[in-house]
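Notes to accompany the following structure.
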Amino acid sequence: MAASPSSSLLSSRSPINISSLRWKLPVTLSLPRHQCRRTSPVFVVVSSMDAKPTVLVAEKLGQAGLDLLKDFANVDCSYNLSPEELCTKISLCDALIVRSATKVSREVFESSGGRLKVVGRAGVGIDNVDLGAATEHGCLVVNAPTANTVAAAEHGIALLTAMARNVAQADASIKAGKWLRNKYVGVSLVGKTLAVMGFGKVGTEVARRAKGLGMHVIAHDPYAPADRAHAIGVDLVSFDEAISTADFLSLHMPLTPATSKILNDENFSKMKKGVRIVNVARGGVIDEDALVRALDAGIVAQAALDVFTVEPPPQDNKLVQHENVTVTPHLGASTMEAQEGVAIEIAEAVVGALRGELASTAVNAPMVPAEVLTELKPYVTLGEKLGRLAVQLVAGGSGVKSVKVTYTSARAPDDLDTRLLRAMVTKGLIEPISSVFVNLVNADFTAKQRGIRITEERVILDGSPEKPLQSIQVQIANVESRFASAISESGEVSVEGKVKDGIPHLTKVGAFEVDVSLEGNIILCRQVDQPGMIGTVGSILGEENVNVSFMSVGRTASRKQAIMAIGVDEQPSKSVLKKIGEIPAVEEFVFLDL
Ligand SMILES: NC(=O)c1ccc[n+]([C@@H]2O[C@H](COP(=O)([O-])OP(=O)(O)OC[C@H]3O[C@@H](n4cnc5c(N)ncnc54)[C@H](O)[C@@H]3O)[C@@H](O)[C@H]2O)c1
Ligand SMILES: O=C(O)[C@H](O)COP(=O)(O)O
């Protein structure tokens with residue numbers, strides 16, 4: 001019997017082969033392999049009647065990225081859409097690519113009717129994307145986190161130096177016919193203390209460059225490792241120490257609820273009088289009204305801002321008009337090089353995600369390395385099928401609330417990533433009983449939303465850790481079963497499986513050992529163990545042309561109770577199932593759709 005291709009978090013029902021993914025309907029993928037960064041599956045592929053998916057590019061993207069997208073998808077470049085226009089268009093799109101100006105709100109996901117599978121943010125900040133709504137809708141969000149780092153850092157340094165030497169103001173005055181050499185005396189950078197607020201990619205590059213300018217650099221970042229800072233001669237300090245000792249502050253943290261308006265009246269009052277501030281992060285990390293007050297009070301001598309709470313800021317914005325403020329229109333990422341890089345980075349991520357690969361820049365899904373995924377492939381299928389079997393064994397009206405997944409393995413707990421397996425078990429549990437599409441992105445959310453508590457247990461076995469797993473067991477507690485024999489001694493509906501020669505097998509139902517490969521569909525019969533049962537059931541199925549792929553009998557003791565598992569390629573008719581039920585030795589039976 002041929003090995004079943006891996007099952008899928010990609011489309012709601014149909015099996016896929018993870019290593020060579022194809023659309024649900026036969027189409028040819030035209031993306032040259034060399035153009036695609038090899039990553040592992042992300043499980044959000046589109047199932048479409050159209051041969052090519054549609055990607056809406058809602059903001060200007062570099063040509064190299066567009067070319068890459070066009071090799072694979074229908075690309076609709078529609079810039080400056082109103083929120084209403086975006087909501088209307090989105091129902092026709094499988095992926096959306098934006099920069100920072102487009103708000104990808106909950107309404108966008110709701111309007112997509114489930115078709116939108118990937119949002120690509122061509123840049124770093126994802127504060128314009130409603131990540132919660134994306135996750136709820138099973139939509140993967142990917143970003144391009146590295147290609148504009150240097151551009152942003154260089155712009156930060158440009159603003160720092162321009163501000164210190166009044167370059168913008170002096171330029172404007174000379175163009176206005178003035179020659180004001182005394183007015184625009186600046187301040188020196190060398191020997192001054194720069195506090196880098198947010199020591200991530202951009203912050204680190206700013207710090208490196210500022211060291212080159214002879215500045216004393218400190219940094220504040222609650223999550224950055226101190227050794228990374230020390231490696232470039234930067235001390236990590238507390239927030240208060242950073243803001244109170246700095247001559248210059250440069251902001252490089254993301255906009256989150258914790259960083260929103262983090263520079264406010266209270267914190268400005270703790271700063272050195274005459275401090276200078278650069279912001280190439282997000283406008284929202286500064287309380288802009290408080291900054292105006294701090295500028296007017298002379299606490300802040302100057303500010304240089306690339307980003308604003310509202311973009312573009314209103315014409316009469318007091319900061320923009322302030323003579324001690326230098327502004328640029330969110331240009332941090334806007335170099336030719338960065339835009340080409342970002343475009344390629346996001347196009348590859350979006351195409352990869354649409355192909356079903358696990359994007360390495362996924363923002364709202366666990367990232368599972370390719371090698372881990374290859375190894376887990378048959379167990380991923382096993383997990384989903386065990387989930388499907390277990391839930392179908394539950395009697396109607398019981399309500400699945402508590403599920404336990406037990407993994408037995410000789411591997412150390414740190415050496416086995418179970419997030420993918422848990423997601424697949426969840427998919428198997430939920431999809432047969434609902435119309436919800438479950439994937440790696442929304443599995444945990446969907447389970448929680450449906451009130452299903454999924455716990456995991458690891459049983460460490462002696463032996464070779466070469467195989468990632470020995471077995472997976474799925475147990476559903478506090479339910480009745482349609483097949484009483486599926487209830488284990490401890491009272492749960494219980495199924496267990498193993499991977500044998502790369503093929504998932506069902507190895508235990510309730511207390512009964514069985515051994516059937518998990519392909520096609522399964523009929524489980526409990527019967528009085530006696531000769532001739534296999535033949536009797538086989539001939540009933542044969543009469544109706546139902547092909548039997550395997551049969552296996554597990555019994556408690558000779559001539560006592562036995563469970564027969566019969567694999568069938570087709571779904572038997574009701575009358576066939578009735579005939580099986582009428583065999584005198586059959587005590588109970590159930591048909592399970594895999
Ligand atoms: N102006 C632009 O065009 C432009 C370009 C690129 C990046 N950005 C913005 O710059 C920021 C940094 O980008 P990045 O690529 O370095 O991101 P990053 O994720 O590499 O770094 C962000 C750092 O901020 C830290 N951080 C989180 N909360 C913090 C807090 N409360 N206080 C201090 N630090 C905190 C994180 O630990 C992380 O190290 C983002 O907001 C991004 O959107 C702007
Ligand atoms: O977060 C980012 O990557 C920058 O703010 C760049 O935004 P942009 O793509 O709108 O230039």
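The figures that follow rest on heavy atoms only: side chains count, while hydrogens, waters and symmetry mates do not. On a predicted model such as this, the values are computed, not experimentally measured, just so you know. Remember, it's 1-based here, ligands and their atoms both numbered in the order they're listed. Throughout, numbering of the chain's residues begins at 1 and tracks the sequence.
A salt bridge links Lys175 to Asp171: one of the charged nitrogens lies within less than 4.0 Å of a carboxylate oxygen. Classification of Lys89 and Asp76 as a salt-bridged pair holds, one side-chain N sitting under 4.0 Å from a carboxylate O. Between Glu375 and Arg411 a salt bridge is recorded (basic side-chain N to carboxylate O distance below 4.0 Å). Taking a cutoff of 4.0 Å between a charged side-chain nitrogen and a carboxylate oxygen, Asp130 and Lys103 do not qualify as a salt bridge. Ion pair Glu205/Lys201 not flagged as a salt bridge, since none of the NZ, NE, NH1 or NH2 atoms sits closer than 4.0 Å to an Asp/Glu carboxylate oxygen.
The shortest contact between atom 21 (O) of ligand 1 and any protein heavy atom is with Gly200 CA, 3.3 Å. Protein heavy atom at the shortest distance from atom 5 (C) of ligand 1 is Ala152 CB, 3.4 Å. Closest to atom 22 (C) of ligand 1, if we only count protein heavy atoms, is His252 O, 3.6 Å. Among all protein heavy atoms, the one lying closest to atom 14 (P) of ligand 1 is Val202 CG2, 3.7 Å. The nearest protein atom to atom 4 (C) of ligand 1, hydrogens excluded, is given as Val280 O, 3.5 Å; this is a heavy-atom distance. Scanning the protein for heavy atoms near atom 31 (N) of ligand 1, the closest one is Thr259 CG2, 3.3 Å. The nearest protein atom to atom 28 (N) of ligand 1, hydrogens excluded, is given as Tyr223 CE1, 3.5 Å; this is a heavy-atom distance. At the top of the distance list for atom 24 (O) of ligand 1, counting protein heavy atoms only, stands Pro254 CD, 3.2 Å.
The contact shell of ligand 2, taken as protein residues with any non-hydrogen atom closer than 4.0 angstrom, comprises Arg99, Ser100, Arg121, Ala122, Gly123, Val124, Gly125, Asn148, Arg282, His330, Ala333.
Residue Met253 has at least one nitrogen or oxygen atom sitting less than 3.5 Å from a nitrogen or oxygen atom of ligand 1, judged on distance alone. Looking at ligand 1, you won't find any N or O of Gly203 less than 3.5 Å from one of its N or O atoms.
For the pair Asn148 and Ala333, the tightest heavy-atom approach, listed with the atom from each and the gap, is ND2-CB, 3.5 Å. The minimum heavy-atom distance between Ala95 and Val350, with the atom names listed, is CB-CG1, 3.7 Å.
For Lys192, the NZ atom counts as densely surrounded, since its 6.0 Å shell holds more than 12 non-hydrogen atoms of other residues, nucleotides or ligands. Around the NZ atom of Lys211, the shell of radius 6.0 Å holds more than 12 heavy atoms that belong to other residues, nucleotides or ligands. For Arg165, the CZ atom counts as loosely surrounded, since its 6.0 Å shell holds 12 or fewer non-hydrogen atoms of other residues, nucleotides or ligands. Counting non-hydrogen atoms of other residues, nucleotides and ligands closer than 6.0 Å to CZ of Arg106 gives a total above 12.
The closest non-hydrogen atom to atom 39 (O) of ligand 1, taken over Val124, Val206, Asp306, Asp221, comes from Asp221. In this comparison of Ala333, Gly283, Pro222, Gly198, the heavy atom closest to atom 29 (C) of ligand 1 sits on Pro222. Residue nearest to atom 17 (O) of ligand 1, selected from Glu205, Lys201, His220: Lys201 (by heavy-atom distance).
Of the residues listed (Val285, Asp287, Thr309), the one engaging Lys261 in a side-chain contact (heavy atoms from CB on, under 4.5 Å) is Asp287, and it is the only one.
In summary, the atoms of ligand 1 found under 4.0 Å from a heavy atom of Ala281, numbered by their order in the structure, are 9 (C), 10 (O), 44 (C). Counting the atoms of ligand 1 from 1 in the order shown, those under 4.0 Å from a heavy atom of Gly125 are 43 (O).
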